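What follows is a single structure, written as structure tokens, with notes after it.
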Amino acid sequence: MPAAAASAAATHAGTRPARASTHAEAEQWQLAMASARRQYLQRLWQSGDVNDRLAATLLSGDEGGSPYERLAQLLREHPDNALAAWHLTKYCALAASSCDSAATQATLQRLDPHNAATWLLAMDGAVMRDDMAAAAEYLTLAAQASHHDNHREETVSMLWQAVRDLPIPPRSQAVAEAQRQQLELKRPPSDDDVRVLNVAAVAAALAAPYYAPLARLCWGNPRIDAATSGDCRAVLTQLASASDMLDRGFALGGIVQMTAGTPANTAWREQYRQFLWLRTEGYARVGQDLAFVRSTWAQGEVGALQSLLAREGLTQAPPDWLPRAPGERALVITGHRMPGH
């Protein structure tokens with residue numbers, strides 16, 4: 001996401017402007033913004049609404065106390081809330097803490113059993129325990145699931161709704177211009193842009209943690225059997241149609257390697273080439289465009305990039321287009337990665 005590099009700018013923009021007077025003014029704004037944000041998130045938590053409280057927890061991170069304790073409390077109070085169960089299970093998968101991972105996974109599996117992402121999180125935990133037999137069983141359940149949903153779009157929509165009324169302290173033109181320069185924007189950020197950055201800071205960290213375990217079980221597995229190979233291809237095929245660029249790119253690169261030398265490989269290599277072209281040409285036109293960030297929340301990242309290029313009459317890669325990166329180029333041409341790439 002273009003704003004990811006500046007995700008902390010919601011409270012820290014303008015801390016390195018050229019003039020000392022502007023620097024001091026920007027620091028005062030930063031302190032006022034942090035205070036307003038802290039008080040606002042506290043009110044969200046105290047509202048009693050489960051979505052407000054979940055949003056406040058995700059937006060606060062470690063600042064609001066232990067995310068685990070807050071997420072666990074939410075799930076105790078709302079035991080049938082699948083989104084709270086997802087974020088608690090995901091937090092436990094990513095954080096070294098005293099989480100009761102088995103209990104959180106059992107709750108998520110009860111609430112969202114037809115979602116491949118549910119079982120992929122369980123697979124991730126099994127790989128971390130080096131229980132590869134259990135990991136393979138969870139992979140099979142993921143392959144048999146009806147759909148894959150990492151809850152990113154639902155979460156971002158909830159976060160954006162939660163920050164719509166976030167108060168933004170007034171800024172002078174000098175501070176706004178300093179923020180524009182730091183964020184490399186075409187114009188000074190508006191109040192809504194600051195709110196966007198609050199959400200983007202969290203959205204950039206919403207990727208699920210199961211990429212590396214999938215790679216280990218699938219194309220990184222020299223002893224893979226036919227059943228596991230079939231499960232891998234089923235899961236990757238679901239991920240290959242995801243609206244999230246990370247999911248789609250990871251899946252296409254993996255399935256190209258898994259199908260190398262088979263009749264299906266040609267079509268997968270072409271789909272991967274089209275993906276790489278979309279990523280290259282799309283993001284070359286985006287820059288630090290916060291309006292585009294918002295469009296990804298409405299259309300999904302893939303859809304937003306496709307719409308962006310379609311406005312210029314670009315719908316697919318030219319027949320002779322190839323990626324510049326040697327590893328990606330080799331994968332598109334041969335179906336195999338170059339050693340070391």
Side-chain angles (χ1 to χ4, degrees), residues 1 112 114-121 123-124 135-136 138-154 156 206-221 224 226-283 296 299-310 314-317 321-323 325 327-337 341:
M1 188 169 290
D112 202 10
H114 304 298
N115 183 356
T118 295
W119 303 106
L120 292 176
L121 272 185
M123 178 205 70
D124 175 74
Y138 289 130
L139 178 64
T140 297
L141 290 168
Q144 295 171 350
S146 62
H147 65 284
H148 173 271
D149 181 6
N150 62 11
H151 300 281
R152 186 179 187 280
E153 293 179 10
E154 180 183 3
V156 169
L206 287 179
Y210 39 71
Y211 294 145
L214 264 178
R216 178 178 171 184
L217 280 170
C218 298
W219 59 95
N221 183 358
I224 192 168
T228 302
S229 179
D231 289 341
C232 288
R233 289 196 302 273
V235 169
L236 292 172
T237 298
Q238 285 192 344
L239 288 171
S241 61
S243 62
D244 183 89
M245 291 289 283
L246 279 175
D247 278 351
R248 187 173 290 207
F250 168 81
L252 288 172
I255 203 165
V256 164
Q257 293 174 81
M258 290 204 70
T259 59
T262 71
N265 189 243
T266 300
W268 283 116
R269 284 189 287 116
E270 174 59 15
Q271 193 169 336
Y272 185 52
R273 188 180 77 93
Q274 294 290 342
F275 165 83
L276 294 172
W277 172 82
L278 175 69
R279 188 188 68 188
T280 301
E281 295 300 320
Y283 277 119
T296 67
Q299 303 178 61
E301 198 174 2
V302 172
L305 286 171
Q306 290 171 335
S307 296
L308 178 70
L309 293 179
L314 302 173
T315 57
Q316 61 181 355
W321 185 91
L322 288 171
E328 292 174 343
R329 181 185 289 256
L331 200 53
V332 166
I333 295 173
T334 69
H336 298 281
R337 284 201 181 275
H341 289 80

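The shown structure was predicted, so the numbers you read here are calculated from the model rather than taken from an experiment. This chain uses plain numbering: 1 for the first residue, then up along the sequence.
Here the closest heavy-atom approach between residue L121 and residue Y210 is recorded as N-CD2, 3.9 Å. Smallest separation of non-hydrogen atoms from A116 and Q238: CB-OE1, 3.3 Å. Nearest heavy-atom pair, L239 versus A251, reported as atom, atom and distance to 0.1 Å: CB-CB, 3.4 Å. Of all non-hydrogen atoms in D149 and A117, the two that sit nearest each other are O-CB, 3.4 Å.
Atom CZ of R233 and atom OG1 of T228 lie 10.5 Å apart (nearest 0.5 Å). One finds the NE2 atom of H147 at 5.5 Å from the CG atom of D112 (value rounded to the nearest 0.5 Å). Going from atom SG of C232 over to atom CD1 of I224 covers 4.0 Å, rounded to the nearest 0.5 Å. Atom CG of L236 and atom NE2 of H148 lie 10.5 Å apart (nearest 0.5 Å). Interatomic distance, T334 OG1 to R329 CZ, rounded to the nearest 0.5 Å: 12.0 Å. Expressed to the nearest 0.5 Å, how far CG of L305 lies from CD of Q299 amounts to 9.5 Å.
Among residue pairs with one or both ends in residues 236-254, those qualifying as salt bridge (charged side-chain N to carboxylate O under 4.0 Å, His left out) are R152-D244; sequence neighbours excluded. Evaluation of the salt bridge (charged side-chain N to carboxylate O under 4.0 Å, His left out) test over residues 257-282, restricted to residues two or more places apart or in two chains, returns E270-R273, R279-E328, E281-R285.
Remark: the backbone N or O of H114 is paired with a side-chain donor or acceptor of S146 at under 3.5 angstrom. Panel note: side chain D231, backbone A143; no donor-acceptor pair is recorded below 3.5 Å. Within the 3.5 Å criterion, the main-chain N or O of S243 finds no donor-acceptor partner in the side chain of E153. For the pair Q274 (side chain) and A317 (backbone), a donor-acceptor distance under 3.5 Å is present.
In this structure Y211 satisfies the ring-ring contact (aromatic ring centres under 6.0 Å, His included) test together with F250, sequence neighbours excluded.
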Point to revise | CA sep, side-chain torsions, deciding dist, call: Y138, L217, side chain to side chain contact (heavy atoms under 4.5 Å, CB included) | key: CA-CA 11 Å; Y138 289 130; L217 280 170; over 6 Å; no

Check your understanding: Could you go step by step and tell me if W119 and L139 meet the side chain to side chain contact (heavy atoms under 4.5 Å, CB included) rule?
Key -> CA-CA 7 Å; W119 303 106; L139 178 64; over 6 Å; no

Point to revise | Step-by-step side chain to side chain contact (heavy atoms under 4.5 Å, CB included) determination, Y272 to I255 | key: CA-CA 9 Å; Y272 185 52; I255 203 165; over 6 Å; no

Review point. Given W277 and V332, is the side chain to side chain contact (heavy atoms under 4.5 Å, CB included) satisfied, shown in steps?
Key: CA-CA 11 Å; W277 172 82; V332 166; over 6 Å; no

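Between L206 and N150 there is no side-chain heavy-atom pair separated by less than 4.5 Å. Side-chain contact check for M123 versus L214: some heavy-atom pair is nearer than 4.5 Å.
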